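Worth knowing before you read on, the calculation uses all heavy atoms, side chains too, and leaves out hydrogens, waters and symmetry mates. All figures in this text were calculated on a predicted structure; none of them were measured in a lab.
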Amino acid sequence: MASPSAATRSPALHGRDTEQDALLRLLDAARRGSGGAAILRGARGTGKTALLDLAAAHAGGTGNTGGTGGTGGFVVLRVRGTEAESHLPYAGLHGLLRPVADRLPALPPAQAEALTRALELGAADGGLTLPAAVLNLLAAAGGPVLACVDDVHHLDAPSRAALFFAARRLAGEPVVLLFGTDDGGDGAAPDDIPAFELGVLDEEAARRLADDLVPGLADDVRASLLEIACGNPLALGELAGSLSPGQISGAAAPPGTLPRGGRLWRAYTDRLARLPGETADMLLLLAADPDLETVTLAGAAEPERALAALEPAERAGVIVHVGGAGGDGAGDRYDFREPAMRTVVYAGASLARRRAAHRLLAGMLCHDHQRLRRAWHRAAAMDGPAESLADELAAAAAAVTSPGGHPATFLAFERAAELTEHGDVKAARLAAAANRAWHAGLPRRARSLLTRLQSLTISEEVRSQAELIRGSLELRSGKTGSAGDDLMAAAESLLDRDRGQAVRVLIRAGEANYLAGDNLRYLDMARWAATLRRPDDPAATQLMFEYLAGTAATFDGRHREAADPLRRVLELAPSVRTPSVLVWAGVASLLLGDDAQAVRLCGRAVETARARGAVSTVPQVLEFMIHAELWMGRYASITASAVEGLRLAQERGRPNSAGQHLGWLALTAAVEGDEETCAIRAASAIELAGAHGVCVAGALGNWALAHLDLAAGRHADATKRLRATTRADGTNGHLVIRVMSTPLFVEATARTGDRERAREALRVLDRWVGSTRSPDRRALATRCHALLAAPGDAEEYFRAALDLHHQGFSEFETARTQLLFGSALRRNRRPGAAREHLHSALETFERSGARLWAEQARAELRGAGEAVRSHRPKATEKLTAQQYQIARIVADGATNREVAARLFLSPRTVEHHLRNIFAKLDIRSRVELVRLMS
């Protein structure tokens, strides 16, 4: 799209790329003399007016002045239909056309007279004279015209008829007619004019809108707003505007419904007030249980009477029928047409009516799979002694293992705790609620629930459970140092009661040390764990001990000693069927150098986590998968995995994982030569690392920036960035990233002359690589030896490295070796031999979009005596590699969302790049971009 300036953009337009593109194309066409019309149809608050505002701003004005403004050059006319004037013939035309009434003398006399009578007297004789006059007046208004009619369903019928007549005849006229209408417009807009259905925003767009409306919003509060708003932009805006400072920070409970007195609340309650009382009772049942099926709902009264009571709401567009799959009626239900209305129906009812509704629902839900819902409704109705209701609700929630559905299990445990008097039982239920909230991706809610434990007298068992939850929270969303302490304390308290769980918690404590880059503490923990082993440990516990022993030996540089316990992990894994074991087996494969198997195992772990509903664990699994994919040079897969991991980490309140995925995405941007994106992502990763003590994320960010420096020929800068990461004692930087970035460090230091430091780093890499059979890793180490070898020995190392590359997976690293080898051959005055390797490297770099590396290969080819030209249009040479790639895809007709899906970016990032593309190329529209790219 032709991205409008920041001053003309509305935050309500998130998720409306397709509609924006269409409107701006209409404006571009009208500038060229042939416009058109479009209808924007959607429920109240879905962004119709915002889109009309965008079109008016882009056309050059925002008011109904009849003049031109800004740089758009359009005459902008606007009117909004109102119920109060819907009975006045031609009131709509009067509001829209009055600013250009001075152009009436330009019309044929009969048309001018007919239109004058309509505007002044509200009268017309029928026939074509009046609608033809409307069309001709718009076409003669003194330039291209944009006419926007909002709430066209409230416009008087004669005005609508005349405007729709004109809308069908705009081909060849410099006029754009846009109409906005509600979902329930009762056929006010015809079917033969192009229409765009504005549904609710998807989750990503709604999240971005919430963050724009209230920057720094607490994760849990954002989740609550998204749940209430149900994708309605106006609902989000009103909710955001109602928040107190305490609610924004997460210190106070978030709102539970739309603001009373807001536009949507008033609109919904007005519509609901027109429905019969029996219908209102049925709607309250639907609001109290979102999963209520029609067959259950029919039990609220005689089936025919119950369904008949819903008919007025269905006719009024308040609810819609959702058919179930199959012929057994399963899933057949009614739902609110506008989902945000649900909370208004519920919150607007009295407490007595709500309790009566819950009591009725509890009596209708009698099947075993409805146990939690029945207990929830009984508790909401207070249908019995509080302690008894609490026991029933907690037992039902504990039996649920899959997430989702109504009610959320953390809410059930929380409500059970509120109904419980006994301190220790109450505390156990609060801890269970915190655990479920944490796994639901609501860390602040979980912390709030844990805080409530502090005022209670609790047993050691519940205290250790709370420490475990708190440590897990810190591990994923807090400070890694605190996480390590909390998890070690939890492990020690669990040893006497549950050794298996205690060892599992030790692995989590080790992960905290790994994230923090605290290698010495990891080794201390592993040594202590080794003293806890018993010969009669079950297979699962043996596997965990072997995992700790193997990883500790690897981190200590004892790679041959690490091999046996790591292989033992792989041997025991098939006998232990949990998702965690797949991850540990994947890590074992990774440390043994079997990257392909590591990817397979991590892939199975992701599938298993999804199947079990444990989506919150997926970002962590993807971190290990990306490690393996990096050794294999699979940068497209890395980008896809990191984009998914980042999205899930952000959705589930796991910033520590988000930091790592940002670091990986910075590295892939560096490979592509996209300096701007790399810098943004690396800075975000480094910032998160500093805030949360996630050393690995900071090391990844610096590695990415160093890669970019090296690709751009800034060898000294690359060396400086990596120097801290390559400290052999592990006190600075991160051990694993230090080893993985060694090939880059050796290359940079070989160019700057610090060869002794490079050899020191290479010795560490050699020890690990030598313990594996990975051809990809051995190729990289051999390439490092070539860079540090005497001139007479380098060629042999390079050829050996290429032989190993051809046995492995990484095309990109093969090309990097070919580039270095070709460069060395050229310097040794063997240009013919150099060109063979340089051509192959250039082909790979161009295919993978690695702009800076491709430029290096071209420069080396020119140095070897061959003329090499860029394949880009000259005007686009100032674009970065990623910007050029986006420009090409956009020029082919893709929307921002389609571009984002193809390049594994967010639509917001694509939009940011497009703004820069348009600025660099000095263009204003996609039409101009198509011309330029062709």
Worksheet item: Any donor-acceptor pair under 3.5 Å linking the side chain of Arg681 with the backbone of Leu665?
Response: yes
Worksheet item: Is the closest side-chain heavy-atom distance between Gln856 and Leu852 below 4.5 Å?
Response: no
Worksheet entry | Spatial distance of atom CG (Leu820) from atom CG (Leu825) [nearest 0.5 Å] | 11.0 Å
Item to complete: Hey, could you give me the CG/CZ distance between Leu735 and Phe555, rounded to the nearest 0.5 Å?
Response: 6.5 Å
Discussion item. Quick one, Thr480 and Asp518 - any side-chain contact, counting heavy atoms below 4.5 Å?
Written reply: no
Discussion item. More than 12 heavy atoms of other residues, nucleotides or ligands under 6.0 Å from CD of Gln597: yes or no?
Written reply: yes
Worksheet item: Within the side chain of Arg777, is there an N or O that forms a donor-acceptor pair under 3.5 Å with the backbone of Trp631?
Response: no
Fill in: Between His913 and Thr677: side-chain donor-acceptor atoms closer than 3.5 Å
yes
Worksheet item: If you measure only the distance, is there a donor-acceptor pair under 3.5 Å linking the side chains of Trp853 and His707?
Response: yes
Discussion item. Return the CD to OG distance between Gln818 and Ser840, rounded to the nearest 0.5 Å.
Written reply: 3.5 Å
Item to complete: Verify, without hydrogens or angle tests, whether Thr752 (side chain) and Thr749 (backbone) share a donor-acceptor contact under 3.5 angstrom.
Response: yes
Practice prompt. Name the orientation class of the two ring planes belonging to His734 and Tyr514 (parallel below 30°, tilted from 30 to 60°, perpendicular beyond 60°).
Written response: perpendicular
Worksheet item: So, the side chain of Thr895 versus the backbone of Asp17: is there a donor-acceptor pair under 3.5 Å, distance only?
Response: no
Worksheet item: So how far is it from Arg847 CZ to Leu842 CG, rounded to the nearest 0.5 Å?
Response: 10.5 Å
Item to complete: Check whether any side-chain heavy atom of Arg652 lies under 4.5 Å from a side-chain heavy atom of Pro619, and answer yes or no.
Response: no
Item to complete: Heavy atoms only: give me the nearest Ala685-Gly663 pair and the separation to one decimal.
Response: CB-N, 3.7 Å
Worksheet item: Do Phe745 and Arg757 touch side chain to side chain, with heavy atoms closer than 4.5 Å?
Response: yes
Item to complete: Please step through side-chain contact (heavy atoms from CB on, under 4.5 Å) for the pair Glu855 and Phe845, ending with a clear verdict.
Response: CA-CA 9 Å; Glu855 288 177 4; Phe845 293 145; over 6 Å; no
Worksheet item: Between the main-chain N or O of Phe809 and the side-chain N or O of Asp776, is there a donor-acceptor pair closer than 3.5 Å?
Response: yes
Fill in: Salt bridge present between Arg714 and Glu675 (N-O < 4.0 angstrom)
yes
Worksheet entry | Test log, rule side-chain contact (heavy atoms from CB on, under 4.5 Å), inputs Phe798 and Leu787 | CA-CA 9 Å; Phe798 274 125; Leu787 292 170; 4.2 Å; yes
Worksheet entry | Pair Arg476 + Glu511, salt bridge at N-O below 4.0 Å | yes
Worksheet item: Taking the side chain from Asn702 and the backbone from Leu722, do they hold a donor-acceptor pair closer than 3.5 Å?
Response: no
Worksheet item: Which atom pair, heavy atoms only, marks the closest approach of Cys602 to Phe624?
Response: SG-CB, 4.0 Å
Worksheet item: Where is the tightest heavy-atom contact between Val618 and Ala609, given as atom of each residue plus distance?
Response: CG2-CB, 4.1 Å
Worksheet item: For residues His785 and Asp793, is any side-chain donor paired with an opposing acceptor at under 3.5 Å?
Response: no
Worksheet, complete the sentence: All heavy atoms of Thr782 vs all of Ala800, minimum pair found to be CG2-CB, 4.0 Å
Practice prompt. Look at atom CD of Glu866 and say whether more than 12 heavy atoms of other residues, nucleotides or ligands are closer to it than 6.0 Å.
Written response: yes
Worksheet item: What side-chain hydrogen bond (donor to acceptor under 3.5 Å, both in side chains) pairs are there with at least one residue in residues 819-836, not counting sequence neighbours?
Response: Glu795-Arg830, Ser823-Arg827, Ser823-Glu860, Arg826-Glu860
Item to complete: For Asn656 and Leu475, indicate whether the former's side chain and the latter's backbone hold a donor-acceptor pair under 3.5 Å.
Response: yes
Worksheet, complete the sentence: The reported gap from CG in Leu802 to OG1 in Thr817 (rounded to nearest 0.5 angstrom) is 6.0 Å
Worksheet item: Does the side-chain contact (heavy atoms from CB on, under 4.5 Å) test come out yes or no for Val583 and Gln620, once each step is laid out?
Response: CA-CA 9 Å; Val583 178; Gln620 288 80 53; over 6 Å; no
Worksheet item: Is any side-chain heavy atom of Thr554 closer than 4.5 Å to a side-chain heavy atom of Leu566?
Response: yes
Item to complete: Would you mind reporting whether Thr551 and Leu591 have side-chain heavy atoms less than 4.5 Å apart?
Response: yes
Worksheet item: Is any side-chain heavy atom of Asp556 less than 4.5 Å from a side-chain heavy atom of Glu561?
Response: no
Fill in: Carboxylate-amine/guanidinium proximity below 4.0 Å for Glu760 and Arg767
no
Worksheet item: If you round to the nearest 0.5 Å, how far is CZ of Arg759 from CG of Asp766?
Response: 12.0 Å
Practice prompt. Tell me, with the steps shown, if Glu676 and His912 meet side chain to side chain donor-acceptor pair (under 3.5 Å).
Written response: CA-CA 11 Å; Glu676 184 179 18; His912 170 77; 3.1 Å; yes
Worksheet item: So, does Lys479 use its side chain to make a donor-acceptor pair with the main chain of Ala691 at under 3.5 Å?
Response: yes
Worksheet item: For the residue pair Gln650 and Ala658, what are the closest heavy atoms and their distance?
Response: CG-CB, 4.4 Å
Discussion item. Any side-chain to backbone donor/acceptor pair from His692 onto Pro655? Under 3.5 Å, distance only.
Written reply: no
Discussion item. Let's go through Gln660 and Ile626 carefully: what are the C-alpha distance in whole Å and the side-chain angles of both, what is the deciding distance for side-chain contact (heavy atoms from CB on, under 4.5 Å) to 0.1 Å, and is it a yes or a no?
Written reply: CA-CA 10 Å; Gln660 293 181 71; Ile626 289 171; over 6 Å; no
Worksheet item: What's the shortest heavy-atom distance between Ser641 and Glu629, and which atoms?
Response: OG-OE1, 3.4 Å
Discussion item. Angle between ring planes, Trp768 versus His559, binned at 30° and 60°: parallel, tilted or perpendicular?
Written reply: parallel
Worksheet item: Do the side chains of Leu921 and Leu879 get nearer than 4.5 Å, heavy atoms only?
Response: yes
